[in-house]
Protein chains: 2
Amino acid sequence: MDDPGNGCHAALVQLQAYLAQMDHAGETRLPAERELSESLGVSRGDLRKALAVLEKDGRIWRHVGRGTFVGSGPVEETIGISEIAGRTNPADVMRARLILEPEIAREAALHATLSDIAAMRQSLVQTREAVTWRQYENVDNLLHRQIAQASRNNVLLGLFDVLNAVRRTVVWGRLRSEGARPPADHHSFADHERIVEAIAERDLGGAAAAMRLHLQQVERRLIPVREAAE
Amino acid sequence: MDDPGNGCHAALVQLQAYLAQMDHAGETRLPAERELSESLGVSRGDLRKALAVLEKDGRIWRHVGRGTFVGSGPVEETIGISEIAGRTNPADVMRARLILEPEIAREAALHATLSDIAAMRQSLVQTREAVTWRQYENVDNLLHRQIAQASRNNVLLGLFDVLNAVRRTVVWGRLRSEGARPPADHHSFADHERIVEAIAERDLGGAAAAMRLHLQQVERRLIPVREAAE
DNA sequence: AATTTAACCAATCCGCATATGATTTCCCTC
DNA sequence: GAGGGAAATCATATGCGGATTGGTTAAATT
């Protein structure tokens with residue numbers, strides 16, 4: 001049932017030749033089945049059987065409405081934030097931040113330019129000048145992203161953006177109602193200054209440690225402390 | 001110039017009332033400017049001034065063609081992989097992998113279920129049975145993803161997927177032509193087994209260290225060694 | 001009876017009309 | 001003539017219908 005007639009085998013041979021010829025040209029998408037079957041002189045059924053073999057072998061992949069392509073997998077072009085956010089919780093987000101952001105701060109300490117550091121310091125000032133929770137959050141977001149940007153690694157920056165988007169989706173509408181004014185002696189002020197200072201001094205380990213400490217403070221504030229439990 | 005007439009102030013007051021009334025309903029998008037100006041009985045110019053104030057304050061955000069929304073930021077729904085991949089290079093990808101994946105392995109050692117570990121071991125076997133470079137890559141990808149899945153943290157899994165997609169986009173069409181057979185004594189076989197073993201034994205540090213070592217081997221193989229240079 | 005062919009289905013892409021925020025221009029009023 | 005508001009205009013994003021494509025089923029042909 002898998003190799004019924006010789007027509008199927010002939011189609012597979014022709015297809016492999018076509019693939020080899022096409023792979024050299026750097027083209028990834030091959031013609032529609034209706035065209036290709038006529039072009040190769042085989043029936044569409046046999047062509048589809050040959051394509052199925054190659055697909056199971058991982059040499060091509062197909063998708064309805066798009067076409068048939070050479071390569072191992074579809075390489076999703078976009079990642080849905082809500083897809084991730086819908087299947088997770090604040091604790092997991094916090095864990096991911098604790099893993100990623102300290103290392104990003106370390107990279108920033110290694111690669112930040114002077115203008116990066118100047119921009120961070122300006123954000124520090126703006127953080128203290130915020131008169132609204134919303135404003136504070138905005139500047140806080142900006143500062144963290146500036147640190148990621150200072151790593152001079154666009155992959156890390158992209159991962160940070162994804163994580164940030166997931167975080168904002170997952171904790172949406174949480175800390176809204178607790179008074180509309182900025183906290184005067186908020187721990188984050190000193191935390192942020194320590195982080196930026198370590199980056200400015202090129203203290204790799206210090207930057208990572210300061211960021212880790214800051215995030216642990218945030219975590220402690222996010223989840224009401226249950227000291228007796230642990 | 002900022003508060004020319006009383007019309008602007010009146011518009012701002014009405015708008016704030018409208019926002020408060022709407023925020024309770026959970027709706028985030030407010031009507032078009034042309035409708036809203038007529039609905040509130042103010043000129044569109046005054047309405048826009050009031051909206052500009054609220055936007056600078058971070059209470060709303062606007063975008064051409066979409067509308068005006070309440071909230072601090074647009075919260076991008078999708079992240080474009082090619083956007084990240086287009087602005088980076090293999091070295092940055094490798095650096096990000098070295099930061100993220102060892103920590104994911106550590107989490108996996110902590111949270112993996114028995115069936116997770118069984119699936120990994122099966123992938124190990126399939127890795128050795130691969131008769132084609134493409135097949136090997138597929139199983140290798142699967143194994144690394146299984147490790148990320150075993151972390152039982154969907155955020156980390158999502159970040160891994162993003163990183164993986166960027167990697168496959170950025171190094172696409174690289175290691176293709178070096179012989180179509182799987183390497184017999186590939187270092188990755190032993191590396192992978194060490195990683196899975198450490199996860200199975202709940203050796204957190206060991207899993208992270210094994211993964212780090214593995215990735216460093218991959219890096220060394222990706223970038224032709226220039227021993228004298230360093 | 002088997003295979004080819006055609007027809008149909010579900011998902012995707014593409015072009016065009018529409019909607020929306022931003023900007024400019026024109027006109028009216030004082 | 002100067003200010004302000006309404007309308008026109010622009011640039012961008014969305015929504016929808018037709019065309020395309022892989023997947024499936026039925027008819028036809030040999």
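Numbers restart at 1 for each chain; the letters A, B, ... are given by sequence-line order, proteins then strands.
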- Message: Whether B/Thr68 contacts C/dG21 is assessed here as follows: a side-chain N or O lying under 4.0 Å from the phosphate OP1 or OP2. Is that the case?
- Response: yes
- Note on the structure: Taken to the nearest whole Å, NZ/B/Lys49 to P/C/dG21 is 18 Å
- Task: Figure out the CG/P separation between B/Asp46 and C/dA22, and round it to whole Å.
- Result: 16 Å
- Report the distance from atom CZ of A/Arg167 to atom OG1 of A/Thr88, rounding to the nearest 0.5 Å. 13.5 Å
- Message: Strictly below 4.0 Å, N to O, side chains only: are B/Glu193 and B/Arg128 in salt-bridge contact?
- Response: yes
- Task: Using a heavy-atom cut-off of under 4.0 Å over every strand shown, decide if A/Gly67 touches base, sugar-phosphate, or nothing.
- Result: sugar-phosphate
- When rounded to whole Å, the CZ to C1' distance for the pair B/Arg62 and D/dA13 reads 16 Å
- Starting from C1' on C/dA19, measure out to CG on B/Leu30 and report it in whole angstrom. 15 Å
- Round to a whole Å and report the spacing from CD of B/Glu38 to C1' of D/dA6. 12 Å
- Item | Phosphate-side-chain proximity, B/Arg44 and D/dG5, N/O vs OP1/OP2 below 4.0 Å | no
- Please walk me through it: do B/Arg145 and B/Asp161 pass side chain to side chain contact (heavy atoms under 4.5 Å, CB included)? CA-CA 8 Å; B/Arg145 190 172 195 280; B/Asp161 282 337; 2.9 Å; yes
- Is A/Arg95 salt-bridged to B/Glu103, cutoff N-O under 4.0 Å? no
- Message: Can you tell me which nucleotide in C/dT12, D/dG22, D/dA13 comes closest to the side chain of A/His63?
- Response: C/dT12
- Task: Select from A/Glu35 and B/Ser43 the residue whose nearest nucleotide in DNA chain D is closer to the 5' end of that strand.
- Result: B/Ser43
- Write down the distance between CG (B/Leu36) and C1' (C/dA22), rounded to a whole number of angstrom. 16 Å
- Closest to the A/Glu33 side chain: D/dG22, D/dA6, C/dG21? D/dG22
- Query: To the nearest Å, how far apart are A/Arg29 CZ and C/dT12 P?
  - Reply: 14 Å
- Query: Of all the choices, D/dA11, D/dA13, D/dG22, which nucleotide is nearest to the side chain of B/Arg66 once you look at every atom?
  - Reply: D/dA13
- Message: In this structure, how many angstroms lie between the C1' atom of C/dA22 and the CH2 atom of B/Trp61, rounded?
- Response: 16 Å
- Query: Can a salt bridge be assigned to the pair B/Asp116 and B/Arg152 using a cut-off of 4.0 Å between side-chain N and carboxylate O?
  - Reply: yes
- Please evaluate the base of D/dG23 for a donor-acceptor partner in the side chain of A/Arg34 within a cut-off of under 3.5 Å? yes
